[in-house]
Amino acid sequence: MTFKRLLFGRPLKTSEAEAEKMPIWKALPILSSDALSSVAYGTEMILIELATVGAFAFAFSLPVAITIILLISILIISYRQVIDAYPQGGGAYMVAKENLGMMWGRLAGVSLLIDYTLTVAVSISAGVLAITSAFPTALPYIVPIGLVFIWFMVWMNLRGLSEAGNVFAFPTYLFIFCMLTLVGKGLFDWLTGASQATHHVTIPTELPASLTWFVLLKAFSSGCSAVTGIEAISNAVPHFRNPAQKNAKRTMVTLGVLLSIIFGGVTIISRAYDIHPDPTGTKTVLSLVAEDAFGRGIFYYIIQFATMTILILAANTAFNGFPILGSLMAQDKNLPRMFANRGDRLAFNYGIITLGVLASILLIVFHGRTEALIPLYAIGVFLSFTMAQVGLVLKWRREKSLGWQRKAIINGIGAVVTFFVVIIFSITKFEEGAWIVVVITPIMLWVITRISKHYDSVGKQLKIDLAEPIPSTDTIIIIPVAGIHKVVVSTISYAKSLTPNIVAFYVAFTPEDAKKMEQRWEEWNPGVRLVVVTSRYRTLIKPLIEFIERIDHHYHEKKVTVLLPEFITHKWWHRLLHNQSAFRIRTLLLNRKDVVVSTVPFHLKD
């Protein structure tokens, strides 16, 4: 207990949940680190796609970035409306469930769960890449380093939101400071014509023949990684301090402004510095930009450290969103019920640990390569964006509240744009790995539907009429015995307090053993009938089950109860020295209908 408290902290009372809620300054690093971290590789993903046709295409990175910033603006406005409409949290899942139906809600939930898992894998792998950019000797250890970071995140989140926010706030604000400083220095160099920033930055007006729209769309879809994570704030509105809606909306706007300035600024100065993606993949574009801006001095390494930490902490957005969404889906019977349970520290432990396991598997399977994980990324989140926007349009049309036309137009535009992004992603990234998400999504949807049907079936079978009286049932007790000793005495004594209908059952392996047991039982005479069966194949279970079936057939109006005499050893390793007959009998009988199985323990002293 002391070790557990040292590792995870003291247990929190339910009444302390309010203290765990987040002010804006703490919510920003916890819920926005995913979106903020995307600027570390968003520009790079655009340039990598454009590099396939030649360096001349890099000029189109700016219009692609501007288009993505417009998309960010649309999503920020749309999700502010989600916060107002659904302050109880749940984001796209709640919107789709209530306005499109449960099946569409499940699809939105599955899409987000997949995206959260990929967020952890991508963020951690990109964070490790930032380390290897500065220290190439660490390159062979990408996967082990990544796994250490993932389980560090698991540990911190199991300790609770408050402690996670305290730890993660400084690195996030350090990254914001570093990025704003980098953008400011880069723009200053560009505007003043510094020697390292003399490349001409313009917005192209014509599309060269060798640059197809397909390549531009691939660059756009890759750069859209900068948009993921925005939805996390709307999912977690109940975790904000009051006034929760107002604080969540302010956090959303703050995120949008920072994201646009940093992402747009990094894209501009990457052109001003004439940055080309490293073909070996050992140096990131952001690393090259920082090196041109500040040289390989102390501030360069601070930027690399801040980038590494924000990319790793980006996983924290998923560690916050995945468990909350999982708890909501579990409450709706779409996930196992344990996902709705809070642990000692008021955290959703099952969701946190499940996310850690799934992300670890992805990191190992894809060998920690960010470029291999990126094509799987963002389809799920944009699909959930689309369903959330469509759901809100239907909601505004149905309710026709004040200003509903304006709201419907905003969400309608958001639905069209995000659906367009889903199509682009599915087509341009299909062969690169997006097919995996396209295949896994319907499989998970089928699994979740089966889970829901199971819970519905259980509910129907367990439902009672409160007006009906509880029926009384007579019982017959069977006690399997292995001999005559204190454990059997204790069990028979307990059985007699319940009913006079008791039968002791003994399995002998030889006729001599059977006769000897009958004689000893008759001498003891406990007032309970003994049935002895000789097992020719030296098995205990089969004769017992056959006897239970005979009893059940002859006394079908009585409830059959099997009481298992079992002694409990003082030390755990003592159990290894004894047969586990009671455990095996209990396991088999619990799967049978209309048989009650119970254990009467007898504790040994040493």
Partners passing ring-ring contact (aromatic ring centres under 6.0 Å, His included) against F547 (at least two apart in sequence or in another chain): F505
In Å, rounded to the nearest 0.5 Å, how long is the span from OG of S490 to CG of L563? 10.0 Å
Could you list the residues that satisfy side chain to side chain contact (heavy atoms under 4.5 Å, CB included) with W524, not counting sequence neighbours? I484, V488, V489, I492, W521, P526
Name all residues meeting the side chain to side chain donor-acceptor pair (under 3.5 Å) criterion together with Y350; count only those two or more places apart in sequence or in a different chain, and write none if there are none. none
So the ring pair (Phe, Tyr, Trp, His ring centres under 6.0 Å) pairs with at least one residue in residues 437-462 (sequence neighbours excluded) are none
CG/L530 to CD1/I502 distance, rounded to the nearest 0.5 angstrom? 13.0 Å
Looking at residues at least two apart in the chain, or sitting in another chain, which of them share a side chain to side chain donor-acceptor pair (under 3.5 Å) with T534? none
Is there a donor-acceptor pair under 3.5 Å between the side chain of S457 and the backbone N or O of K453? no
T475: which residues meet the side chain to side chain donor-acceptor pair (under 3.5 Å) condition with it, sequence neighbours left out? T561
Can you tell me if T599 uses its side chain to pair, donor with acceptor, with the backbone of P601 under 3.5 Å? no
Pairs of donor and acceptor atoms involving the side chains of residues 91-106, under 3.5 Å and at least two apart or interchain, shall be tabulated with distances.
unit_1	atom_1	unit_2	atom_2	d
Y93	OH	D332	OD2	2.7
Y93	OH	N334	ND2	3.1
K97	NZ	D332	OD2	2.9
N99	OD1	R398	NH1	3.3
N99	OD1	R398	NH2	3.0
N99	ND2	Y86	OH	2.7
N99	ND2	V95	O	2.9
R106	NE	N334	OD1	2.8
R106	NH2	S452	OG	2.9

Min side-chain heavy-atom separation F509-L540 under 4.5 Å: yes
Quick check on the 6.0 Å ring-centre criterion: do F149 and F152 meet it? no
Close side-chain approach of I150 and V120, heavy atoms under 4.5 Å: yes
Any I364 side-chain heavy atom under 4.5 Å of L147 side chain: yes
Indicate the atoms forming the closest heavy-atom contact of P480 with L544, along with that distance. CG-CD2, 4.1 Å
Looking at CZ of F339 and CG of L113, how far apart are the two atoms once the value is rounded to the nearest 0.5 Å? 8.5 Å
Which residues pass the ring-ring contact (aromatic ring centres under 6.0 Å, His included) test with Y506, not counting sequence neighbours? none
Quick check: does any side chain N or O of T499 sit under 3.5 Å from a backbone N or O of A495, one acting as donor and the other as acceptor? no
Please report the closest heavy-atom contact between P323 and G351, naming both atoms and the distance. CG-C, 4.1 Å
Contact check, side chains of M153 and I352, non-hydrogen atoms, under 4.5 Å: no
Could you report the tightest heavy-atom contact between V560 and I551, atom names first, then the distance? CG2-CG2, 4.1 Å
Roughly how far, to the nearest 0.5 Å, is CE of M387 from OG of S111? 4.5 Å
Given the options V503, L498, N501, V596, I477 meets side-chain contact (heavy atoms from CB on, under 4.5 Å) only with L498
S32 side chain vs P29 backbone, donor-acceptor pair below 3.5 Å: no
For residues K559 and D474, determine if any side-chain heavy atom of one lies less than 4.5 Å from a side-chain heavy atom of the other. no
Under the rule for side chain to side chain donor-acceptor pair (under 3.5 Å), what residues qualify as partners of N341, not counting sequence neighbours? none
Any pair counted as salt bridge (charged side-chain N to carboxylate O under 4.0 Å, His left out), so long as it reaches residues 486-513, sequence neighbours left out: none
For S234 and V237, the nearest pair of non-hydrogen atoms, with its separation, is O-CG2, 3.5 Å
Return the set of residues passing salt bridge (charged side-chain N to carboxylate O under 4.0 Å, His left out) with E549 (not counting sequence neighbours), or none when no residue passes. R592
Working for side-chain contact (heavy atoms from CB on, under 4.5 Å), residues V437 and L118: CA-CA 10 Å; V437 177; L118 286 165; 4.2 Å; yes
Evaluate side-chain contact (heavy atoms from CB on, under 4.5 Å) for I233 paired with F240, printing each intermediate quantity in order. CA-CA 9 Å; I233 295 174; F240 281 83; 4.0 Å; yes
Pairwise distance CD1(I440) to CE(M444) - rounded to 0.5 angstrom: 8.5 Å
Are the side chain of S125 and the backbone of V122 linked by a donor-acceptor contact shorter than 3.5 Å? yes
By ring-ring contact (aromatic ring centres under 6.0 Å, His included) - contacts of F319 (at least two apart): none
Nearest non-hydrogen partners of S384 and L112, listed with the distance: OG-CD2, 3.3 Å
Would you say the side chain of I548 lies within less than 4.5 Å of the side chain of V595, judging by non-hydrogen atoms? yes
Closest non-hydrogen atom pair, V487 against T491: O-OG1, 2.9 Å
Start with the C-alpha distance between M329 and I448, add both sets of side-chain angles, then the distance that settles side-chain contact (heavy atoms from CB on, under 4.5 Å), and finish with yes or no. CA-CA 9 Å; M329 294 180 71; I448 283 178; 3.7 Å; yes
Can you check whether M517 reaches V481 side chain to side chain, under 4.5 Å on heavy atoms? yes
Could you grab the distance from atom CD of Q331 to atom CZ of R337, nearest 0.5 Å is fine? 10.0 Å
side-chain contact (heavy atoms from CB on, under 4.5 Å), that's the test. Do L383 and L107 meet it? Break it down for me. CA-CA 9 Å; L383 183 58; L107 180 57; 4.2 Å; yes
Any heavy-atom pair between the side chains of S327 and F348 that's under 4.5 Å? yes
